[in-house]
Amino acid sequence: MSRPVAGVRNKSVVITLPGSPKGARENLQAVLKTLPHACLQAAGLDSRTLHAGGIKKLEAEAGIASGGSVSGSSSGGHSHSHHSHGHSHGHDHSHKYGHSHGHGHGHGNLVRHTAPSSSGSNPLSNDPKLGPSRRNRESPYPMLSVEEALEKIRQHTPAPQVVVSKVDSSSLPGAVLAEDVVARENVPAFRASIVDGYAVVVPKKTKDNNDEDGSSSNSSMRGVYPVVSVSHAAPGEAMEPLREGQVARITTGAPLPPGATSVVMVEDTVLRTLADDGKEEKEIEILADEGAPPVREGENIREVGSDIRAGETVLRRGERVSAVGGEIGLLAAVGAAEVRTYRRPVVGVLSTGDEIVDLHAPATDDEGDSTGEKGQGRKQRTLRPGEVRDSNRPALLAAAAERGFPTVDLGIAADKPGALEAALRDALRRVDVLITTGGVSMGELDLLKPTVERALGGTVHFGRVAMKPGKPTTFATVPVKDVVPVTSTTEAEAEAGPGTRRSDRLVFGLPGNPASALVTFHLFALPALHRLAGYPEPRVGLPRVPGVALAHDFALDRARPELHRAVVSVSVSVSGGLEASSTGGQRSSRVGSLRGANALLCLPRGEGPLRKGERVDALLMGEIGVGGAHS
Ligand SMILES: Nc1nc2c(c(=O)[nH]1)N[C@H]1C(S)=C(S)[C@@H](COP(=O)(O)OP(=O)(O)OC[C@H]3O[C@@H](n4cnc5c(N)ncnc54)[C@H](O)[C@@H]3O)O[C@H]1N2
Ligand code: MOO
Ligand SMILES: [Mg+2]
């Protein structure tokens, strides 16, 4: 058995472990218990202090014994220096003992054989220059719970920005109102007929024909009447007042002549005499069968302001203008040509990976084309060994657009540090929220975190979450210095509305696995997008429905809580209420697990399965149908 080699240099404890995993594990276990003590000693504390009872507290502060949070700036003797970006980050990472490697937190540096202590580089992420053999062998990012991760996102999402939007069908649907909208005009603005027919004057109330409730007068109105005027649904000159015993022909929506009290439908009349020209009506007869309802005062008339009264609040701040059309219709009806809304964030979607091929990439020259004639009918590129079609980008662009956000397709970035950096820089100029997929896990080509931290001076707020799928989900903010007013030069900008970008861009580094990417988009990116777009808190993120009954047994993951892709429907069987069926295999690479899924079931981690009929919470992604699993 090889022996660990240990020593102290300046304030760093240096331990060299053997290369074999077994040997390393055994040796590490042997020295593990003494490490906290050694670190504190290396930091310069004398052993008397250590043994005077302060050790537990100091260990806790150093975050090495209990896994408590490390606060770099408050721990005395803190010795690591930040890299040259001068950007402080990583201080809120809490490290479980087993996940803290060579990063010099707290008092004295604990240096593992894989990580150089003197590079002065970022203490958290891999330096891509070091290559695969010297990368971190375990993630330096603490594993957050889903709730903790959501809280970080909430903390770092800027407040929504108010803009003035034109009320029209192209830009307004999807926007959230930033003000109460008060009707400036009465709707209708004039007394209007509800039907095609004849305006009449119901004779004034008498004791004899009073309604039982006394509310309005009525009359059989049976008889022959002269047609004295015509009112069409077009703005016209002032009309002559109508008197008792006269009628005016009127069309639906047309203004009533002054004095008219009711309108009789054309179906309830017959033509009696024609005018001399033989075309115009001279007299009509109002028919009223025995027992037919009498003509009531106000019948078939829309009074001024009876739909909407001027001064009434028609829409409230925080309401979303839907694409169903009701809200836009309302705004237009009350004369609101512009409203204050929250600017919608522009969402960019970038795929990463050398193996990723655009779905529409044409065949390469050596592949030829389907017709044999160059230039036309070029067929799709055939996949070479190791290549994968880019399914994440179209899926995420669709998901973001469906939620009403303007999107920018940012293409595919290669797994080269320079290429990724350039793609990210370009992207951050063009969008408010950047969504990337791939390159966030532990491979030597997983470059997203180091590029965001080292090259862009961003802060990774979390890099791992205890959930399945989506474990390596990463959330970062990147300050962008040259904030220019957003010009409406792109379609997405025009859709978002005028305004200024916040300097801090949000970056969601989603896992490359297709199911992981879509699930984490809904779980993590959507709440941030909702908040930026001004959604009130109760409507942020996917709606959560408690108590959905399982339609069959569900196996649980032992290690991680799971968001299980499922179909939630109105139960046709036992209980009524809602029930959930799995969409089948849940492997993270299986994008098909989201086909037809309208919900993510929140399953706890655990040993045994959850049984049919047990109830869980569901996060709704889509609409709920009636009856059973998907076909
Ligand atoms: N040693 C470890 N390996 C892995 C861990 C771990 O904890 N330790 N986590 C695993 C988990 S969980 C996930 S999820 C993945 C995340 O991978 P990355 O985010 O680093 O993504 P890539 O490595 O780039 O690709 C993973 C997978 O997804 C495919 N992919 C990527 N982009 C796309 C796309 N746009 N369209 C379709 N498919 C895509 C890619 O080809 C790979 O098959 O890491 C595990 N590994
Ligand atoms: O977390 Mo990954 O998304 O399980 O495969
Ligand atoms: Mg990877």
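Both counts, for ligands and for their atoms, begin at 1 and track the order of listing. Being a predicted model, the structure only gives us computed values, none of them experimental. Each residue takes its place number in the sequence, starting with 1.
Using a 4.0 Å cut-off between charged nitrogen and carboxylate oxygen, R558 and E607 count as a salt-bridge pair. Residues D432 and R343 are paired through a salt bridge, judged by an N-O separation under 4.0 Å between the basic side chain and the carboxylate. A salt bridge between E614 and R611 is absent, with no side-chain N of the basic residue lying under 4.0 Å from a carboxylate O of the acidic one.
Ring orientation note: the planes of H156 and H461 are close to parallel, at an angle under 30° on the 30°/60° scale.
The closest approach between a heavy atom of A515 and any atom of ligand 2 is not below 4.0 Å. Residue E355 places a heavy atom less than 4.0 Å from ligand 1. Under a 4.0 angstrom heavy-atom cut-off, S589 registers as lying outside contact with ligand 1.
Between G470 and ligand 2, an N or O atom pair is found at a separation short of 3.5 Å. Among the atoms of S588, some N or O lies under 3.5 angstrom from an N or O of ligand 2. Where the criterion is an N or O separation shorter than 3.5 Å, residue side chain and backbone included, V440 meets it with respect to ligand 1.
For atom 18 (P) of ligand 1, the closest non-hydrogen atom on the protein side is G439 N, 3.5 Å.
Between the side chains of R464 and S139, at least one donor N or O lies within less than 3.5 Å of an accepting N or O.
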